[in-house]
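Each ligand, and each atom within it, is numbered from 1 in the order the structure gives. By convention here, the first residue in the shown sequence is residue 1.
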Amino acid sequence: MFKALGTLGVVLLTVAAVVMVGLGFLMGPDHPLPWIMLIVVVAIPFVHNKMAANRYLVWKDEYSVGIEEMDNDHKKLLNLINQLQTAVHYYTGREFEEKALEELVDYTKTHFNKEEKLLEDNGYADLDAHKLLHKQFIDKVNQFLEQYKQDSELTINDTLEFLKDWLIKHINGTDKEYGKVLNDKGIH
Ligand SMILES: [Fe+2]
Ligand SMILES: [Fe+2]
């Protein structure tokens, strides 16, 4: 439960509650400060939920590479990242977290292979550079997975942030480059 609320949220709630009760006893119910603190305590879960919602990735049309199959893969990757985000944030258990991580990494590899084959089949000039970026990403993910085995609690948030950041930047940057080239060849 504490993990779901977040460490900062728990600390703030505890501090606010203690201050509110303390001031209430000291100043009496006519003093505004205990009531202000009460509002703060009530507001914290709403703020926390809003912050939690912002952690989830939402597909935007601007991410489209103009090739339906690749867009569908990218959408699935975003969903798998969100699934991992849920497993981490609501701490559904180590087993579910590992399964979500494994599913995301496996599907990323599947997608990379499919994407590289599409680029190769269409004689994409920057194929080698694109493949290298994919390889560097997988190498980095493997490093995170090794660290995760040593200490999952310490590593999982960094791993998740890296996956989110890299994949969105890659989809919305490097992948869009091949999108334009292949679109010009009539591939959609
Ligand atoms: Fe891609
Ligand atoms: Fe790619």
Side-chain angles (χ1 to χ4, degrees), residues 49-188:
N49 285 344
K50 178 80 182 134
M51 284 168 70
N54 287 342
R55 291 192 188 106
Y56 288 91
L57 298 175
V58 178
W59 174 264
K60 295 175 187 166
D61 286 342
E62 68 185 63
Y63 296 157
S64 174
V65 298
I67 299 167
E68 196 181 355
E69 194 183 2
M70 294 299 107
D71 283 348
N72 288 340
D73 276 10
H74 292 155
K75 284 175 191 169
K76 180 160 180 179
L77 283 173
L78 259 61
N79 286 337
L80 290 172
I81 289 176
N82 288 337
Q83 181 179 287
L84 178 61
Q85 178 72 69
T86 300
V88 172
H89 187 67
Y90 293 102
Y91 199 61
T92 46
R94 169 87 190 244
E95 203 181 317
F96 187 66
E97 190 176 277
E98 272 181 18
K99 198 171 165 290
L101 188 55
E102 197 183 320
E103 212 177 327
L104 172 60
V105 172
D106 282 353
Y107 195 76
T108 304
K109 288 178 184 168
T110 302
H111 166 66
F112 283 173
N113 287 336
K114 209 194 288 184
E115 195 171 81
E116 287 169 13
K117 171 98 174 53
L118 176 77
L119 301 187
E120 197 173 351
D121 288 350
N122 289 282
Y124 184 60
D126 287 333
L127 173 64
D128 287 345
H130 201 118
K131 275 170 108 169
L132 183 63
L133 289 174
H134 286 171
K135 189 192 170 300
Q136 286 169 342
F137 173 77
I138 294 296
D139 288 348
K140 185 74 185 163
V141 168
N142 284 335
Q143 272 180 30
F144 273 118
L145 291 179
E146 277 305 310
Q147 287 169 20
Y148 180 78
K149 277 187 212 159
Q150 312 295 323
D151 190 337
S152 61
E153 286 259 343
L154 209 66
T155 318
I156 192 62
N157 281 309
D158 287 346
T159 307
L160 185 56
E161 286 313 308
F162 171 74
L163 292 168
K164 276 159 66 168
D165 188 57
W166 193 95
L167 282 169
I168 286 294
K169 280 183 184 154
H170 184 76
I171 291 167
N172 203 32
T174 318
D175 281 356
K176 274 166 102 172
E177 293 300 315
Y178 76 68
K180 282 180 241 159
V181 176
L182 268 59
N183 288 167
D184 286 346
K185 291 184 174 186
I187 297 157
H188 294 282

Which atom pairs, donor and acceptor, lie under 3.5 Å between side-chain atoms of residues 135-142 and protein residues at least two apart or in another chain?
residue, atom, partner, partner atom, Å
Lys135, NZ, Asp139, OD2, 2.8
Asn142, ND2, Ile138, O, 3.4

*Under the salt bridge (Lys or Arg N to Asp or Glu O under 4.0 Å) rule, what do Lys117 and Asp121 come out as? Steps first, then yes or no, please.*
CA-CA 6 Å; Lys117 171 98 174 53; Asp121 288 350; 2.8 Å; yes
*Below 4.0 angstrom, N of the basic side chain to O of the carboxylate: do Arg94 and Glu97 qualify?*
no
*Could you pull out all residues at least two apart from Thr92 that satisfy side chain to side chain donor-acceptor pair (under 3.5 Å)?*
none
*Please identify each residue that fulfils side chain to side chain donor-acceptor pair (under 3.5 Å) with Glu146, with sequence neighbours left out.*
Lys149
*asked:* I need the protein N, O or S atoms closer than 2.8 Å to the Fe ion (ligand 1), given as residue plus atom name.
replied: His74 NE2, His111 NE2, Glu115 OE2, Asp175 OD2
*Among Val58, Leu167, Asp73, Leu57, which one satisfies side-chain contact (heavy atoms from CB on, under 4.5 Å) with Leu78?*
Leu57
